Amino acid sequence: MLRMTGIGKSFLGIRVLRGIDLSATAGEVHAVVGENGAGKSTLMKILAGVHQPDEGTVEIGGQIRSFAHPVEAQRAGVAIIYQEFNLLPERSVADNVFLGREPTRRGLVDRAAMDEATSRLLDELDEHSFGPRHLVKDLSVAQQQVVEIVKALSVDARIVVMDEPTAALAEHEVDLLYRLIRRLQGRGIAVLYISHRLREVFDLADRVTVLKDGAHVATVAATDVTTAGLVKMMVGRELDAYFPPRAEESAIGEVLLTVRNGGNGKLDGIDLDLRAGEIVGVAGLQGSGRSSLVKAVFGAEPFTRGEMTPTRPGSVRAGVAAGIGLVTEDRKAEGLALNQSVRDNALLVARAIGHRSRAAVSDLLERVKLAPPRQETEVKYLSGGNQQKVVLAKWLTVSPRVLLFDEPTRGVDVGAKAAIHDLMRELADSGTAILMISSELPELIGMSDRIIVLRDGRVAGHLPAGSAEESVMALAAADGVAA
Amino acid sequence: MKRAIPIFVVLAGLLVAIAAANPFFLEPAGFLAFLKRVAPLAILAAGQYFVIVSGEFDLSVGSLVTVEVVVAARLIDGDEAMTWPVLVLLVVIGLLVGLVNGLVTTKLRVPSFITTLGAMLILSGAVFLWTGGAPRGALSQGFRVFGREGVWAVAILVLVVVAAVLLMRADFGRTLVAAGDNEKAARLSGVRVDRVRVFAFVLSGLSAAVAGILLGGFAGVSAQVGQSLEFQAITAVVLGGVVLGGGRGHVVAAIAGAFTLEALFTLLNLHGISGALEYAVQGVIIIAAVAVGGLRLPSLRLSPSKV
């Protein structure tokens, strides 16, 4: 049914996929697993025609296909159900199912036919809790997922891709999803199932393909592998990276920040202590609340419950005033004003809060090792690594006591990565408390003096420095894997 | 500043062409007359620049200019002693209209295009209601001197330019541009985005007050004195290479845009082309300038999807 061979893809010169093979037969549920950033979503977007592969071929039903546009993939029988659904909330179920290909009669949309066809498909799926005329915004997440599946069936999809379908579902809804998937299977549809949750993989999948760092690790029958074996394939990696030495016990000083029972819409019962001189790593799957945690501590998405010392910031300005800085995950969207100069970006925080004693920008740029240290260049022309150094410089101007890093080295080249790691350790050594999120387990383990694992907006556990990747993954995914 | 170079080249070319067609332009009196004519639009362009670079629009300045002139004529009514109190009042009106525009845009989250379009209609309606279509009263000599005497007009223009440049170099200006470039990043850096934007609208209102004071003396009292000035100001700013949507462009280039627009009108006039064409010319310029700006605009906001 489906055969992808030797798929490779780069973004902005960074290779995110190489030599990936993936196949699926009719009626098969094929799980694709891997850590954050392993390349799962990109691979699926290539199949869906959202991205075009730089190398490799996609074969559907024995024919080589190349999709310039998602519509072409849809016509070839590929339906993809994203984590965030592509539904119009204000329109009816039937409108959504037939969006862009409404049946017409004498030039007018034939609503009766749409409703009837939608009803029939809902019946086939044994779904009677809502009908074709309901507005999508009135449906639950699980029901909306059914709409997406109906949409896929209505275009006679032969391959259905589900990207983390259970991420937004409640426990009892997951069982319903399983039933739906079994029905798809029964119709001879190949289902590609992407998930972090290994339990689901074993519940559903016939075969499993493991991706790691954009490469293909293995494809195995689900019955031939154990959970521990899968985790090992997902994370097992040669430790070739160099990390600066961790903090000595004696170098870790007073507590600079505490959170007790902190919570808001996305977090609950958070306890956290940050001490001068230490780097605390935060691990967790996508959606576990890692970014929410740093944004709450910083004051951008404040805690609404719980205690925090020295102060619980209710706004970014309050956070900055309390000596907290945040190096955001997405530097282009949240970190930098791209059309402004290096100098203007480096001084942004100091100017925003009217900070008096400004370190000379040239000294700062030297400290973060910006190369070349030209102050007038617009930051959009810099490499990812240099841009990240400018974000760092922006915070160093105001000498924060607590610095939060959300994916400090994402999309950064190896050299800049090492420079940023060194700088983080240097900051810790000079008495800054650092909290770092990283989806890259080797980085997280290599840098952290201890690790906090989040799951579903709560602290799932604490791990000491140098823990094994397997134990971190096990805590994060809570699949009961022995560490 | 690199983006600003083309506008200065165009301006220089136009000035040479005017001088060739009319040698009087090169004499001090001729050039001063040109400066006096440009001053109100240049001041409006400076005010509009602050708003545009922060990512917003101010369509209300034309109507505001009319309000200023009509109010001044009615309250002064030829009485010299009223000149200074009324000048103060005009400035206050300008600041207030700007403040309201800014607060409605930032606090009520009404897009500035709509806020200031509404303000434009409200102010026009108020003028019409108050005057019945024909403004009454007269300006004093002491008031007219600002727009009539080239030295005064030029002095005020220079003051505005210097103040605008200094503001843009100060923390306010730098954070304003950053907010216009990337609001989210600015907020996450602690910039009070709403506050700097409100201040930009206040500056635009102030610039309309000053432009109104100059135009009252220069063009006289009428209910049409400010008509379409908001579009001229926006055209001037865009012509100066300032990007609609915010974050890019220099205030001096925006002011040079006003000079260029006025020089273009002067040149058309010298060659006997009807003033009626001015609107069409503006229309072409604004579309062309934005189109050219759009071509340069890389789609940097589309960061690569998460992998």
Side-chain angles (χ1 to χ4, degrees), chain A residues 9-12 14 16-17 36-43 45 50-51 214 286 295 298-300 315-321 325-341 343-345 347-355 376 378 380 391 394-395 398 410-411 439, chain B residues 1-5 49 52-55 106 166-197 199 241-251 253 293-294 296-307:
Chain A
K9 177 76 186 168
S10 301
F11 286 117
L12 303 173
I14 296 166
V16 295
L17 289 180
N36 298 336
K40 307 182 296 277
S41 296
T42 309
L43 182 65
K45 282 183 178 161
V50 177
H51 298 314
Q286 250 168 39
K295 285 194 166 154
F298 180 54
S315 69
V316 169
R317 291 182 66 83
V320 177
L326 169 63
V327 176
T328 49
E329 174 180 15
D330 187 340
R331 61 185 158 267
K332 283 181 180 163
E334 301 187 321
L336 295 166
L338 288 173
N339 293 303
Q340 312 307 315
S341 66
R343 180 183 172 78
D344 280 342
N345 273 283
L347 286 173
L348 189 54
V349 176
R351 281 170 169 158
I353 63 167
H355 198 266
E376 299 310 322
E378 290 171 22
K380 67 180 166 196
V391 177
K394 178 176 90 166
W395 287 108
V398 295
R410 173 172 289 178
S439 297
Chain B
M1 217 37 207
K2 245 183 274 171
R3 291 179 63 86
I5 292 169
Y49 166 82
I52 287 182
V53 87
S54 83
T106 56
L166 289 180
L167 270 173
M168 287 315 293
R169 288 194 176 174
D171 287 358
F172 160 73
R174 302 327 302 158
T175 49
L176 182 77
V177 183
D181 189 5
N182 188 343
E183 181 175 338
K184 209 167 176 191
R187 267 186 215 284
L188 286 172
S189 298
V191 175
R192 276 184 279 220
V193 172
D194 288 357
R195 186 180 290 198
V196 292
R197 282 206 175 125
F199 196 43
V242 180
V243 175
L244 294 180
R248 278 189 285 175
H250 200 280
V251 67
R296 280 190 217 140
L297 206 77
S299 56
L300 277 169
R301 302 230 162 168
L302 298 172
S303 54
S305 55
K306 286 185 181 174
V307 287

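The sequence lines fix the lettering, A, B, ..., with proteins before strands; numbering per chain opens at 1. Everything numeric here is computed off the predicted structure, so don't read it as measured data.
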Q: Evaluate side chain to side chain contact (heavy atoms under 4.5 Å, CB included) for Arg187(B) paired with Val316(A), printing each intermediate quantity in order.
A: CA-CA 7 Å; Arg187(B) 267 186 215 284; Val316(A) 169; 5.7 Å; no
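Taking CZ of Arg351(A) as the start and CG of Leu176(B) as the end, the distance is 12.0 Å to the nearest 0.5 Å. The CG atom of Asp181(B) sits 6.5 Å away from the CG atom of Leu338(A) when rounded to the nearest 0.5 Å. Residue Leu348(A) holds its CG atom at 10.5 Å from CG of Leu188(B), rounded to the nearest 0.5 Å. Rounded to the nearest 0.5 Å, atoms CG (Leu347(A)) and OG1 (Thr175(B)) are 11.5 Å apart.
Taking each heavy atom of Gln340(A) and Gly247(B) in turn, the nearest pair found is NE2-O, 2.5 Å.
Put simply, of Ala352(A), Gly325(A), Gly299(A), the one with the most heavy-atom pairs under 4.5 Å next to chain B is Ala352(A).
Listed by chain and number, the residues in a side-chain hydrogen bond (donor to acceptor under 3.5 Å, both in side chains) with Arg317(A) amount to none (sequence neighbours excluded). Qualifying side-chain hydrogen bond (donor to acceptor under 3.5 Å, both in side chains) partners for Arg192(B), counting only residues two or more places apart in sequence or in other chains: none.
Listed for the Asn182(B) side chain is no donor-acceptor partner under 3.5 Å among the backbone atoms of Gly335(A).
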